[in-house]
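The chain is numbered in sequence order, starting from 1.
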Amino acid sequence: MSRLRVIIGGTVLAVLAAAVPIAVMVYATWDRAVSVEQQRLHAIAERSLRRTEVSYQEALAALKSAEATVLPPCGAEHILRMQTLVMTTPSSDQMGYFEGGKLRCTSWGPFLRDVDQPTPDHVTSDGVGITVDVRPEAAGRRPMLSIMYGPYDVLVDPRRFVDVIVDPDVRLALASPDGRLLTQQDGMDPTLLQQLLREPGEGLDRNTLYASARSGEWLAIATAPRTALAATFRQQAWLFVPLGLLMAAAGAGLVIWLSRRRLSMRGELGIAIRRRELYLHYQPIIELDTGICVGAEALVRWQRPDGTQVRPDLFIPLAEEAGMIAAITDLVIENVVADMRELLAEDRSAHIAINLAAEDISSGRALKVISQRMAGSGILPQQIWLEATEHGFLDIDRARTMLAAARRAGHSVAIDDFGVGYSSLQYLQQLPLDALKIDKSFIDAIGTESATSPVTPHIIGMARELGLWLVAEGVETEAQLAYLHSQHVQFGQGWLFSRPLPRDEFIAFHRKRQQQYGAAREHMQNPRSVPFEREQAGEE
């Protein structure tokens, strides 16, 4: 019994002796976690201020440029000038011209209804008026922010000002320095928000962490739920545990980390690349005037060993983040050459489009890989198109150099998913391109009252002005096809023609289309109907 008492007593004393440092550790860790989270929110608020200032300066530059215009107000040239400024200003959705306090015309055209010039809710130090909650018909009565300078204003979606990549639990709001709310993200506590508009600061209440940042013209507020402290608390706790416990936890954590790494999607993707589990499907590209299949876009696919498919929009960004995208590009190039060498040698008018990632554009290494793989294959350079999204052109100087080298090698270059980023006419003029692919979202808007519907003819006009070929993505209805015909869009791809196909099915599809519609091409008046066939001699 005494032995049992000693054991129980010792255990109790050991627990009590451990409880004091653990309690101190918990308090110190909690205090540190709150500080770290508040610093994080403050940094996010400052990032929001920088984003706001960039968007505001873009809009102000457009307004000043419009004010310097000497064209007759609301004439065709004046409206075209406003349209160009809107298209070349990423933060701007619409520009308007006022005379006598009334709206006379916008970048959409003349305005015949009686609309008063908005009264500013806030005036910046450089004399720019900002009006909250303007609801124009062209934006579907969606709340917009009006930025006014002289007789002009631009309408900006206020969400652009808080369009900062943050953790999903963080919420942002933007206000004037005197506390006038300009925009906020859904999910913010309205009572807390009103308090912070009156008295900005940092702190923690029963449910929410908050921090703010202020500049001369703007006030940004960032909040996160109190539950966000849990992860930070766990992270900070390891700084206060005894060395032995830390080493034991580190050893256990290492085993868990290695196991999770092997079983995580990133680890699975690395294994899939090494085991060559990724494969290609081919999305046919159709010449709209003739109906023949002129080629395809190579689309990478991943099927796990258990048969489940992983969507490309999940594993491609993961591959870019993990530094594995170059290996995927190499695999795609190798498979395209292996799959299509016979077809491309048989039909010299056919081509295959390969998508390049931002890293491929920046490094330029993909060109060397393509050249090496094509050697001895019988495939001509002009039969390989290179496609890149607007994200791939972030470093404009490197992109220009790489694309020029690709065109000198005989490849044609297209900008993919055009319209979903921040491209503009001025932006496109800086790049040596052959084609522009209209994003599916704009094709879906054809024949609807969607706010994106009027943008489609502007994109087509931009491409025509720059002498670029047009490829419409995601064509699914006859009405869309008829519209594209009427706008003289040369090529299309989408489920109206075919879903993405495995190698053998695509080859059969291509040959069938050649037999069905080949005669139509022979009767076309333009003998150079084959897309992007350029003379390599003299090509810069």
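- Side chain of Q493 to backbone of P284: no donor-acceptor contact under 3.5 angstrom is found.
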task = Applying side-chain contact (heavy atoms from CB on, under 4.5 Å), run through L481 and F497 and close with a yes or a no.
result = CA-CA 10 Å; L481 178 60; F497 309 111; 4.0 Å; yes
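- The shortest distance between side-chain heavy atoms of T456 and Y483 falls below 4.5 Å.
- Scanning all heavy atoms of the two residues, the minimum distance from H510 to C293 falls at CE1-O, 3.0 Å.
- Taking 4.5 Å as the limit, some side-chain heavy atom of I44 sits within range of a side-chain heavy atom of R47.
- Checked by atom type, the side-chain pair R348/Q383 shows a donor-acceptor distance below 3.5 Å.
- The minimum heavy-atom distance between M82 and G96, with the atom names listed, is SD-C, 4.4 Å.
- Within a 6.0 Å sphere centred on CD of E342, other residues, nucleotides and ligands contribute 12 heavy atoms or fewer.
- Inter-residue side-chain proximity for R365 and D330 is flagged as met; some heavy-atom pair is nearer than 4.5 Å.
- Considering every non-hydrogen atom in both M324 and G270, the closest pair reads SD-CA, 3.7 Å.
- Side chain of T308 to main chain of R304: no donor-acceptor pair is present (N/O by atom type, distance under 3.5 Å, no hydrogens or angles).
- Using a distance-only test at 3.5 Å, with no hydrogens or angles considered, no donor-acceptor pair links the side chain of S55 to the main chain of T52.
- Within the 4.5 Å cutoff, no side-chain heavy atoms of E268 are placed close to those of F315.
- For NE2 of H488, the number of neighbouring non-hydrogen atoms (other residues, nucleotides, ligands) closer than 6.0 Å is 12 at most.
- The nearest pair of heavy atoms linking Y282 to N335 is OH-O, 3.8 Å.
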query = Step by step, would you call E334 with R373 a salt bridge (Lys or Arg N to Asp or Glu O under 4.0 Å)?
reply = CA-CA 6 Å; E334 180 181 344; R373 292 296 180 184; 3.6 Å; yes
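- W495 has its side chain within reach of P500: a pair of non-hydrogen atoms, C-beta onward, lies under 4.5 Å apart.
- From K437, atom NZ reaches atom CD of E297 across 3.5 Å, with rounding to the nearest 0.5 Å.
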ask   = Passes side-chain contact (heavy atoms from CB on, under 4.5 Å), T183 versus L145? Steps please.
value = CA-CA 9 Å; T183 184; L145 207 65; over 6 Å; no
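- Closest non-hydrogen pair, A62 versus T89, comes out as CB-OG1, 3.5 Å.
- Separation of atoms CD (E387) and NE2 (H411) is listed at 13.5 Å; rounding is to 0.5 Å.
- With contacts defined as side-chain heavy-atom distances shorter than 4.5 Å, the pair L403/L433 qualifies.
- Using a 4.5 Å heavy-atom threshold, the side chains of L155 and V134 count as touching.
- The number of heavy atoms from other shown groups lying within 6.0 Å of CZ (R398) does not exceed 12.
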message = As a quick check of understanding, evaluate side-chain contact (heavy atoms from CB on, under 4.5 Å) for K102 and D114, giving each step before the final call.
response = CA-CA 7 Å; K102 301 292 183 180; D114 190 19; 3.1 Å; yes
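- Of the inter-residue distances, the one linking I384 atom CD1 with I352 atom CD1 reads 6.5 Å to the nearest 0.5 angstrom.
- Within the 3.5 Å criterion, the main-chain N or O of I443 finds a donor-acceptor partner in the side chain of Q480.
- A side-chain donor-acceptor contact under 3.5 Å links Q490 to the backbone of L470.
- Here the CG-CE distance, from L431 to M402, works out to 12.0 Å after rounding to the nearest 0.5 Å.
- Checked by atom type and distance alone, the side chain of T106 pairs as donor or acceptor with a backbone atom of W108 at under 3.5 Å.
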I507 and R511: CA distance, side-chain angles, deciding distance, side-chain contact (heavy atoms from CB on, under 4.5 Å) verdict = CA-CA 6 Å; I507 292 174; R511 289 171 176 165; 3.5 Å; yes
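- When all heavy atoms of P118 and T131 are compared, the pair lying nearest together is CB-OG1, 3.6 Å.
- Of the residues I325, L386, L367, V332, the one that meets the side chain to side chain contact (heavy atoms under 4.5 Å, CB included) test with L356 is L386.
- In this structure, the side chain of R171 does not engage the main chain of G187 through any donor-acceptor pair within 3.5 Å.
- Aromatic pair Y152/H78: centroids less than 6.0 angstrom apart.
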inquiry  = salt bridge (Lys or Arg N to Asp or Glu O under 4.0 Å), that's the test. Do E287 and R513 meet it? Break it down for me.
reply    = CA-CA 11 Å; E287 188 175 50; R513 281 264 171 170; over 6 Å; no
query = salt bridge (Lys or Arg N to Asp or Glu O under 4.0 Å) between D313 and R311: does it pass, once the steps are laid out?
reply = CA-CA 5 Å; D313 61 341; R311 300 199 317 269; 3.0 Å; yes
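- Rounding to the nearest 0.5 angstrom, the gap separating the OG atom in S107 from the CD atom in Q83 is 6.5 Å.
- Remark: the backbone N or O of Q382 is not paired with any side-chain donor or acceptor of H351 at under 3.5 angstrom.
- R81 CZ to M95 CE: the interatomic distance, rounded to the nearest 0.5 Å, is 8.5 Å.
- For the pair S92 (side chain) and V86 (backbone), a donor-acceptor distance under 3.5 Å is absent.
- Heavy-atom contacts from other residues, nucleotides or ligands closer than 6.0 Å to CD of E77 number 12 or fewer.
- Checking side-chain atoms of Q283 against main-chain N and O of S498 turns up a donor-acceptor pair under 3.5 Å.
- Just one of I460, I415, L436 meets the side chain to side chain contact (heavy atoms under 4.5 Å, CB included) condition when paired with L468; it is L436.
- The closest side-chain heavy-atom distance from L280 to R503 is not below 4.5 Å.
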